[in-house]
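Accompanying notes for the structure given below.
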Amino acid sequence: MSRTEQLTRTKGAEGRSPGRWLALCVLVLAVLLVAVDATVLGLATPALSEDLKPSGTQLLWIGDIYSFVIAGLLVSMGSLGDRIGRKKLLLVGATAFGAVSVLNAYATSPEMMIVARALLGVAGATLMPSTLALIRNIFHDPKERSLAIGIWGATASAGAAVGPVVGGALLQHFWWGSVFLINLPVMIVLVIVGIKLLPESKNPVAGPWDLISVGLSLVGIIGVVYAVKQVATHGMGWEVWAAAVIGGGALYTFVRRQFTLPAPLLDMRLFKHRGFSGAVLADLLTVFGLSGLVFFLSQFLQLVQGREPLEAGLAELPAAVGAVVTGLVAGTYARKYGVRVIVTGGLAAIGIALAALTVIHKDTGYPLLGAALLVVGLGAGFSFTVTADVILSSVPKEQAGSASAVSETAYELGAALGIALLGSVVTGVYQGFTAPASVSGPVADAAHESLGGAVEAAKSLDPQTAEQMVGAAQEAFVDGLRLASGVGAAVLLATAVAAWFLLKGQELQDGIEH
């Protein structure tokens with residue numbers, strides 16, 4: 001055997017380490033828990049509120065602080081993993097996630113719960129970028145990496161959909177803290193197995209971690225996300241303007257600073273790559289169009305159609321099934337038909353499914369809803385999997401953590417913008433409904449706050465008046481949901497057109513990297 005053949009075989013063996021699929025299973029556990037934890041709290045909120053008795057403002061912070069902190073720290077944690085080692089950061093973050101989950105489960109006051117959720121966000125921010133960056137460094141064969149990214153993305157989609165189901169099942173038998181304690185055994189397995197199976201990887205020339213950039217990134221993202229969410233719930237006010245100005249100024253300063261640093265926290269030159277920028281933009285706008293729908297569809301299933309929490313969670317499963325199916329084959333199809341064909345087709349499918357929801361009404365049967373959710377999942381599986389692959393393939397593997405963090409930040413920003421802006425559409429339409437003339441001012445005011453508020457306020461009325469008010473509120477909510485679905489459909493179809501041009505000529509790699 002020649003020296004060249006020996007070298008080729010050695011490099012091929014290195015590119016196909018025998019434990020790589022077991023290592024992927026460990027990474028998938030981390031993704032699953034973060035995804036479940038992002039959605040499971042919603043169902044536990046009523047029981048948590050009854051026990052801890054938080055004020056309205058405290059309840060909002062309990063719900064939002066987790067996503068605020070994750071969004072603000074993703075870029076910093078992705079860069080930290082590039083510097084100190086992604087395996088090290090993942091295992092430390094996983095240990096912290098398990099420990100802080102216990103603190104969440106046994107919180108005894110609203111203030112303690114807010115702090116615990118914030119700490120959980122810090123730990124969660126270490127997990128997602130580390131998992132995707134490790135995939136980039138474990139799988140050197142691009143075709144295998146595409147499949148691995150598909151499994152990673154399918155798990156994230158499945159986790160988000162399974163969250164309400166798991167939460168509903170636990171809450172029927174245990175107290176609200178149980179939705180956090182399920183993290184503990186999974187994290188223990190992840191850490192023990194991960195120590196043995198996961199390879200370490202980092203950027204050997206990353207330079208120091210710039211704490212000023214970390215602070216600017218955190219203040220900037222949290223400021224912008226907070227401002228957007230406040231606009232949706234309370235409208236424009238001085239605190240919203242202040243948050244927007246401070247956040248925007250911090251992000252501007254962050255970007256300017258990155259260009260002056262010899263070892264930037266985030267290399268802004270990544271965005272000069274058209275495929276990278278196009279994939280990030282597609283992710284942000286896709287999540288924007290989807291998040292508002294998913295958030296309000298859960299309320300539609302429970303508060304309009306009267307389904308139990310567990311039943312509502314199960315009703316949303318077709319989206320996860322679709323995402324899993326297409327996520328596993330997306331890389332293969334992208335190589336066969338082209339990246340922009342698959343991404344554009346996936347985005348267009350989501351847009352069409354959202355357009356179909358513009359005709360729903362209070363008594364719409366499940367076949368239409370289930371079919372729309374299935375198409376949404378199929379389209380998302382194609383789009384998100386291929387764009388994640390493009391993002392990772394567009395950068396040197398030493399910068400995989402930073403690139404992964406940019407991708408995850410796009411998801412978080414898209415979700416915040418979608419819930420806030422599309423939420424404003426739903427809320428604006430909803431608040432225009434007319435309560436029965438006999439309903440007093442305070443009760444009517446409570447009913448106009450939200451559909452849940454209307455259902456609760458109706459309990460103090462006589463049955464006939466209550467039925468009239470709840471019926472009017474439900475019709476207004478559905479009107480708002482239809483309009484938001486139309487806006488989401490327009491955004492997705494426009495994004496599909498943009499992706500067609502931005503991803504022109506973009507191909508997934510075929511050869512093994514050495």
Side-chain angles (χ1 to χ4, degrees), residues 31 34-35 38 67 70-71 74-75 78 125 128-129 131-133 135-136 146 149-150 152-157 159-160 221 224-225 228 266 270-271 273-294 319 322-323 326-327 330-331 334 339-351 354 376-395 399-422 488 491-503 506 508:
V31 173
V34 174
S67 60
I70 281 186
L74 277 169
V75 169
M128 296 298 276
T131 56
L132 200 51
I135 287 174
R136 173 74 167 86
S146 293
I149 291 172
W152 177 90
T155 304
S157 300
I221 297 291
V224 170
V225 173
V228 170
L266 175 62
L270 294 175
F271 291 95
H273 190 291
R274 182 162 48 84
F276 180 89
S277 297
V280 170
L281 181 64
D283 285 349
L284 189 151
L285 292 177
T286 302
V287 176
F288 169 85
L290 278 176
S291 57
L293 165 77
V294 172
T326 51
V339 166
R340 72 171 182 170
V341 170
I342 297 303
V343 173
T344 300
L347 296 174
I350 300 171
L354 293 182
V376 164
L378 292 171
F382 274 132
S383 176
F384 286 142
T385 303
V386 176
T387 53
D389 206 336
V390 168
I391 288 169
L392 284 186
S393 301
S394 300
V395 303
Q399 293 179 298
S402 295
S404 304
V406 171
S407 174
E408 294 298 325
T409 303
Y411 294 156
E412 294 294 334
L413 285 177
L417 290 168
I419 292 174
L421 300 182
L422 295 183
V491 169
L492 264 297
L493 293 174
T495 305
V497 174
W500 180 260
F501 292 102
L502 289 171
L503 297 176
Q506 187 69 43
L508 297 185

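Hydrogens, waters and symmetry mates play no part in the numbers below; they use all other heavy atoms, side chains included.
Here Leu284 contributes atom CG and Thr387 contributes atom OG1; the two are 11.5 Å apart, rounded to the nearest 0.5 Å. Of the inter-residue distances, the one linking Phe501 atom CZ with Thr344 atom OG1 reads 9.5 Å to the nearest 0.5 angstrom.
Proximity of Asp389 to Thr385: side-chain heavy atoms (C-beta onward) are nowhere separated by under 4.5 Å. Put simply, the side chain of Leu492 does not reach to within 4.5 Å of the side chain of Leu285, judged on heavy atoms.
In terms of heavy atoms, Val386 sits closest to Ala334 at CG2-CB, 4.0 Å. Between Ala330 and Gly381, the shortest heavy-atom contact is CB-O, 4.1 Å. The heavy-atom pair separating Leu502 from Arg274 by the smallest distance is O-NH1, 2.8 Å. Between Gly331 and Ser146, the closest heavy-atom pair is CA-CB, 3.8 Å. Heavy-atom minimum distance, Ala282 versus Thr495: CA-CG2, 4.0 Å. Closest of all the heavy-atom pairs between Ile391 and Ala279 is CG1-CB, 3.6 Å.
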Practice prompt. Would you sort out whether Val343 and Leu347 count as a side chain to side chain contact (heavy atoms under 4.5 Å, CB included), showing the intermediate values?
Written response: CA-CA 6 Å; Val343 173; Leu347 296 174; 4.0 Å; yes
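Qualifying ring pair (Phe, Tyr, Trp, His ring centres under 6.0 Å) partners for Phe271, counting only residues two or more places apart in sequence or in other chains: Phe276.
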